[in-house]
Amino acid sequence: MSLSDVGIEALAVALPRRYLPIEALARLRGVEPAKLTVGLGAREMAVPDPGEDSVALAATAVQRLLATSGLDPARVGLLAVGTESGVDSAKPVASFVQGLVGLPREARVFDVQHACYGGTAALLAASEWIASGAADGRVAIVVAADVARYGARTAGEPTQGAGAVAMLVSERPEVLALDLGVSGAFATDVHDFWRPVGRREPLVDGHYSIQCYLDAVAGASRGWRARAERRGLVTKGAPASAQLARLAYHVPFCKMARKAHLHVRRTELEDRLGRPLDADELAAEDAAGAASFERQVVPSLELPARIGNTYTAALYFGLTSLVRQGGPALGGQRVGLFSYGSGCASEMYSGVVGARASEVVARAGIDDLLAAREPLDGEGYERILALGAGEPLDEAPAPGAFRFRGVVDDKRTYARA
Ligand code: CAA
């Protein structure tokens, strides 16, 4: 049983047209491939050209959501875009999307920016808007869309990517019914990853950012656990995370999900004992944690491994992967989700997968989108990376997609196939 009848009814995604196999990046930079494949858990990295900016990706995903869900756009009362790679300091990505896709003028339209947490903040706000009754029978569209760009020869370069997930949020949560009111938030003022206004690439204190993420997942999972126990979603006394069928974590790179999961388990064990684990307990937990990671978390990494970091969208590509990998058997089961945004804010929450979720997610046509992508070699990747932000490749949009075409009279222009 879920705690609400509100959540994700359907979803659709947008992916850049090209990707770089991670071994090609290793060759290009003279790095041992295992550092990227094993050390970071990377496989492929989406490489957007400037024509595939956050607006184009978000609008493409929403257009596909409307087409595949059959939703009447007139029913949309709220459009929220979570992004940290917006294209204007004032005009939100959501306004571009509203205009490009043709959503009602009476809708509440806004962006949410808080690094990679913005999509989750938007999803929870939209869900609570519906649960409060303020929606008055209308539905919400929440989009998580980002271009994760670090630049050539930086430590973050192998963790780039781009993509968007658009979600229809309603009182028919066929994909995921949220346990509203059962979440744990954790936020602190840190400089782990940030992008001063005007900079195209972020500044990152990479190893510190991993520590900030781990502190956040410990704090947020404690909050979720306390509420889940109080509301009877999990049995007190047994590890709460182990009572979830699956978990998806924010995925800046796949190995981070492993670090996060092991940290959540260890935090739970140490909280219960009231002391740090001793050497024997640590050895036992190493084995148990590795097995539980394979079973509970690896299914969430299918798409993140193929796309790379997508900031706000990474967790929702993780959820999509869980549903795809779990198939009909995951229907009716409770899953946990952890969202982390540098700076930092984070939240762990849970929900119950719908009985028809895998069927609904299959409509997003993700296998076809992946199969249509073009692999780049190192040279092709460098050519795209060198393009200025206002210099899209001169090519037509892919079927059903939008593209940024350039700036005319100081205004960004977009084209649709
Ligand atoms: N074979 C196998 N493994 C190898 C190896 C080899 N030949 N060489 C190195 N490794 C392993 C290392 O042991 C290490 O593993 P552990 O973390 O388990 O110890 C791993 O590969 C990475 O090696 P380094 O730590 O030496 O790598 P690095 O210093 O080049 O940078 C990074 C790693 C800090 C994650 C960097 O990619 C980075 O700055 N990324 C961007 C920031 C980021 O993603 N932070 C995550 C938390 S913040 C967040 O989540 C928000 C967000 O989206 C940005």
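Residue numbers start at 1 and run along the sequence shown. Just so you know, ligand 1 is whichever comes first in the structure, and atom 1 is the first atom listed for that ligand.
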Which atoms of ligand 1 have any heavy atom of [X] under 4.0 Å away?
X      : answer
Lys255 : 15 (O), 16 (P), 18 (O)
Lys259 : 16 (P), 17 (O), 18 (O)
Thr159 : 37 (O), 40 (N), 41 (C)
Tyr213 : 50 (O)
Phe193 : 54 (C)
Cys116 : 51 (C), 52 (C), 53 (O)
Phe253 : 35 (C), 44 (O), 46 (C)
Ser342 : 48 (S), 51 (C)

Mind running side-chain contact (heavy atoms from CB on, under 4.5 Å) on Phe253 and Asn309 for me, showing each step along the way?
CA-CA 6 Å; Phe253 53 93; Asn309 195 357; over 6 Å; no
How far is [atom] from the closest protein heavy atom, and which atom is that?
atom                    : answer
atom 7 (N) of ligand 1  : Glu32 CG, 3.3 Å
atom 42 (C) of ligand 1 : Val204 CG1, 3.6 Å
atom 26 (O) of ligand 1 : Lys35 NZ, 3.9 Å
atom 22 (C) of ligand 1 : Leu40 CD2, 4.0 Å
atom 39 (O) of ligand 1 : Gly206 CA, 3.4 Å
atom 44 (O) of ligand 1 : Pro252 CB, 3.4 Å
atom 37 (O) of ligand 1 : Ala155 O, 2.8 Å
atom 2 (C) of ligand 1  : Ala34 O, 3.5 Å

Flag yes if more than 12 heavy atoms outside Asp278 fall under 6.0 Å of its CG atom; otherwise flag no.
yes
Option with minimal heavy-atom separation from atom 47 (C) of ligand 1, where the choices are Ser209, Gly341, Pro202:
Ser209
Looking only at non-hydrogen atoms, the one of Tyr150, Tyr249, Tyr208 nearest atom 54 (C) of ligand 1 is Tyr150
Below 4.0 Å, non-hydrogen atoms only: which portion of Thr154 touches ligand 1? Side chain, backbone, both or neither.
neither
Please work out which of the three classes, parallel, tilted or perpendicular, describes the rings of [Y] and [X], given edges at 30° and 60°.
X      : Y      : result
His261 : Tyr249 : perpendicular
His114 : Tyr117 : perpendicular
Phe193 : Tyr311 : perpendicular

Ignoring hydrogens, tell whether any protein atom lies closer than 4.0 Å to atom 20 (C) of ligand 1; use the non-hydrogen atoms only.
yes
Could you tell me whether atom 12 (C) of ligand 1 has a protein heavy atom closer than 4.0 Å?
no
Can we say [X] and [Y] salt-bridge, meaning some charged N sits less than 4.0 Å from an Asp/Glu carboxylate O?
X      : Y      : result
Asp179 : Arg231 : no
Arg153 : Glu382 : yes
Glu32  : Lys35  : no
Arg222 : Asp271 : yes
Asp367 : Arg324 : yes
Arg266 : Glu285 : no

Any N or O on [X] sitting closer than 3.5 Å to an N or O of ligand 1?
X      : answer
His250 : yes
Asn309 : yes
His207 : yes

Tell me if a side-chain donor or acceptor on Asp5 pairs with a main-chain N or O of Glu171 at a distance below 3.5 Å.
no
Looking at Leu385, Leu376, Leu25, Val147, which hits side-chain contact (heavy atoms from CB on, under 4.5 Å) with Val47?
Leu376
Once rounded to the nearest 0.5 Å, what's the spacing between atom CD1 of Ile130 and atom OG of Ser4?
10.0 Å
contact_flag Glu157 ligand 1 heavy-atom lt 4.0 Å:
no
For a quick test of reading the model, state the closest non-hydrogen atom pair linking Gly163 to Thr310 and the distance between them.
N-CG2, 3.6 Å
